[in-house]
2 protein chains.
Amino acid sequence: MTAQRRVVAEVLDGEHVHLTADEVHSRAVDKLPEISRATVYNTLGELVSLGEVLEVATDKRAKRYDPNAHRPHHHLVCAQCGAIRDVHPTGNPLADLPDSERFGFAVSEVEVTYRGTCPNCAAA
Amino acid sequence: MTAQRRVVAEVLDGEHVHLTADEVHSRAVDKLPEISRATVYNTLGELVSLGEVLEVATDKRAKRYDPNAHRPHHHLVCAQCGAIRDVHPTGNPLADLPDSERFGFAVSEVEVTYRGTCPNCAAA
DNA sequence: AGCTTGATTTAGACATTGTCTACTCTAGGG
DNA sequence: CCCTAGAGTAGACAATGTCTAAATCAAGCT
Ligand SMILES: [Mn+2]
Ligand SMILES: [Mn+2]
Ligand SMILES: [Zn+2]
Ligand SMILES: [Zn+2]
């Protein structure tokens, strides 16, 4: 555990955290000015390999890094401002995919992304 | 309707078509060698604005362009080879998101991505 | 403490994907 | 036939991500 890894872990701590690599880097620099972009990317990659952090693709640009890897969940995204909340829908979407719609695939995972407008953006 | 736009439309014709912009460009060049990357991006952007084509983010790299914009559907993706099929699950995932999990958002849309292994990759 | 060694970090080159701008080309109206 | 507006083009630029070579560091050994 080096200072660099500790700082990345600190930046990723919390609820509803879904930062891009550059956002992680920028916040890490605030705490440890000499940390490099490459180290942030390397550390994020290691955390993903270890299963401690998830990559999510809720926007169509940069990957986002999600420390909430141990409680399965889905995402609710504001189409205006990009705010992201973790959500726990009821029901199992896997059960909603009939065999006739599986094309012979062995299906193991589902990602659900809800989109809408957050209260802030609705007020504005 | 110019030759360039016709070629982009031809490339995007068919079922289960989910090409990246560069794949569209590369196939367009086979039919019309002088077509430029910028024109492909411009045309794809226009088709998306018109609602004729959807952008999907099934992989975490490039956006994919989906001409099946008129029949709502979701996607089944092979984690090995990236093959993508259109699927039509039963049930309405919107109904599975209770009010207590909406955080005051006005939710209007859901994307569901199933992941697994396609028959080809399972055989290999 | 000083040395050795392997792992970690760093800077920056490079790659991929996407956007933008200035210029050229072309089709169609006068 | 000209003029013009829209369309297309080449290439610069931007954003995101990957890779490599060199510097640095930490840990064990003497
Ligand atoms: Mn999350
Ligand atoms: Mn599709
Ligand atoms: Zn918002
Ligand atoms: Zn496959």
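All values below were derived from every heavy atom in this structure, side-chain atoms included, with hydrogens, water molecules and symmetry-related copies excluded. Throughout, protein chains are lettered first and strands after them, A, B, ... in sequence-line order, and every chain is numbered starting at 1.
- Straight-line distance from the CD1 atom of A:I35 to the C1' atom of C:dT8: 12 Å, rounded to whole Å.
- Spacing between atom CD of B:E46 and atom P of C:dC20 amounts to 14 Å, rounded to whole angstrom units.
- For the pair B:R5 and A:K63, nearest-nucleotide mapping onto DNA chain D gives the more 5' position to B:R5.
- For DNA chain D, the span of nucleotides reached by chain A at under 4.0 Å from its heavy atoms goes, 5' to 3', from D:dT16 to D:dC19.
- Across the protein-nucleic acid pair, B:L44 atom CG and C:dT17 atom P stand 14 Å apart, rounded to whole Å.
- Between A:D22 and B:S36, the residue whose closest nucleotide on DNA chain D is further toward the 5' end is B:S36.
- Judged by distance alone, the side chain of B:E101 and the main-chain N or O of A:H88 form a donor-acceptor pair under 3.5 Å.
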Could you go through A:T113 and A:V77, starting from their C-alpha distance and side-chain angles, then the distance that decides it, and tell me whether this counts as side-chain contact (heavy atoms from CB on, under 4.5 Å)?
CA-CA 7 Å; A:T113 304; A:V77 180; 3.8 Å; yes
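- Atom C1' of nucleotide C:dT16 and atom CZ of B:R64 are separated by 14 Å, given to the nearest angstrom.
- Rounded to an integer number of Å, the gap from OH of A:Y41 to C1' of C:dC14 is 14 Å.
- B:N42 places its CG atom 15 Å from the C1' atom of C:dT24, with the value rounded to the nearest Å.
- Straight-line distance from the NZ atom of B:K60 to the P atom of C:dT17: 16 Å, rounded to whole Å.
- The environment of B:E34 atom CD is dense: over 12 non-hydrogen atoms of other residues, nucleotides or ligands sit within 6.0 angstrom.
- Within 3.5 Å, a donor on the side chain of B:R37 pairs with an acceptor on the base of C:dT19, or the reverse.
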Using the side-chain contact (heavy atoms from CB on, under 4.5 Å) rule, take B:E52 and B:E46 through it: C-alpha gap first, then chi angles, then the decisive distance, then the call.
CA-CA 9 Å; B:E52 297 296 319; B:E46 285 158 22; over 6 Å; no
Please report the C-alpha distance between B:T117 and A:F105 in whole Å, then the side-chain angles of each, then the deciding distance to 0.1 Å, and finally whether the side-chain contact (heavy atoms from CB on, under 4.5 Å) criterion is met.
CA-CA 5 Å; B:T117 306; A:F105 282 54; over 6 Å; no
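- When heavy atoms are screened at a 4.0 angstrom cut-off, A:A62 is found touching the sugar-phosphate backbone but no base atom.
- Heavy atoms from other residues, nucleotides or ligands lying under 6.0 Å from CG of B:D22 number more than 12.
- At a threshold of 4.0 angstrom between heavy atoms, the contacts of B:T39 include nucleobase atoms, whether or not backbone atoms are also involved.
- Of the options A:E23, A:K63, A:H75, a side chain to side chain donor-acceptor pair (under 3.5 Å) to A:H18 is made by A:H75 and by none of the others.
- The separation between A:H25 atom NE2 and C:dT10 atom C1' is 10 Å, rounded to whole Å.
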